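What follows is a short report on a single structure.
What you see is a predicted model; the values in this text were computed from it and never measured.
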Amino acid sequence: MTLAGQAFGSGRVGAERDRCVGAGQCVLAAPGVFDQDEEDGLVRVLAERPSVAESDAVRAAVRACPSGALTLR
């Protein structure tokens, strides 16, 4: 889990699909930023640069990821 550069508006969300286990916690926490691929259930980033309004939800998603597949820089 990485929460570097926590000033949003310039923050960038990343996801390592090869680390993702498809738990979907990111989608539950921040559905406007994350989704799951219909075929394999792995994370998809919908908004690489989320809005300031989504900052708390994105931080929660990064913390909730059981595999550590999400980054925030």
Considering all heavy atoms of both residues, which atom of [X] and which atom of [Y] are nearest to each other, and what is their separation?
| X | Y | value |
| --- | --- | --- |
| Ala61 | Cys26 | CB-CA, 3.8 Å |
| Gly11 | Pro50 | O-CD, 4.1 Å |
| Gly32 | Ala47 | O-CB, 4.1 Å |
| Val45 | Gly14 | CG2-C, 4.4 Å |
| Ser67 | Cys20 | OG-CA, 3.7 Å |

Shared hydrophobic cluster for Leu42 and Phe34 (ILVMFWY, side-chain gaps under 4.5 Å):
no
Grouping I, L, V, M, F, W and Y whenever their side-chain heavy atoms are under 4.5 Å apart, do Val62 and Val27 come out in a common cluster?
yes
Criterion side-chain contact (heavy atoms from CB on, under 4.5 Å) on Val58 and Val13, from CA distance to verdict
CA-CA 8 Å; Val58 171; Val13 174; 3.9 Å; yes
May I have the step-by-step check of side-chain contact (heavy atoms from CB on, under 4.5 Å) for Leu72 and Arg59, ending in yes or no?
CA-CA 8 Å; Leu72 176 58; Arg59 283 190 202 109; 4.3 Å; yes
Mark yes or no for whether Arg12, through its side chain, and Glu48, through its backbone, hold a donor-acceptor pair below 3.5 Å.
no
Just to verify, what does Asp35 make a side-chain contact (heavy atoms from CB on, under 4.5 Å) with, not counting sequence neighbours?
Arg44, Leu46
Going by salt bridge (Lys or Arg N to Asp or Glu O under 4.0 Å), name the residues that satisfy it together with Asp18, two or more places apart in sequence or in a different chain.
none
Could you walk me through whether Arg63 and Leu70 satisfy the side-chain contact (heavy atoms from CB on, under 4.5 Å) test, starting with their C-alpha distance in whole Å, then the side-chain angles of each, then the deciding distance to 0.1 Å, before giving a yes or no?
CA-CA 9 Å; Arg63 284 191 301 268; Leu70 304 178; over 6 Å; no
Go through the steps to decide whether Asp37 and Arg17 satisfy the test side-chain contact (heavy atoms from CB on, under 4.5 Å), and finish with yes or no.
CA-CA 10 Å; Asp37 189 280; Arg17 289 177 50 88; 4.0 Å; yes
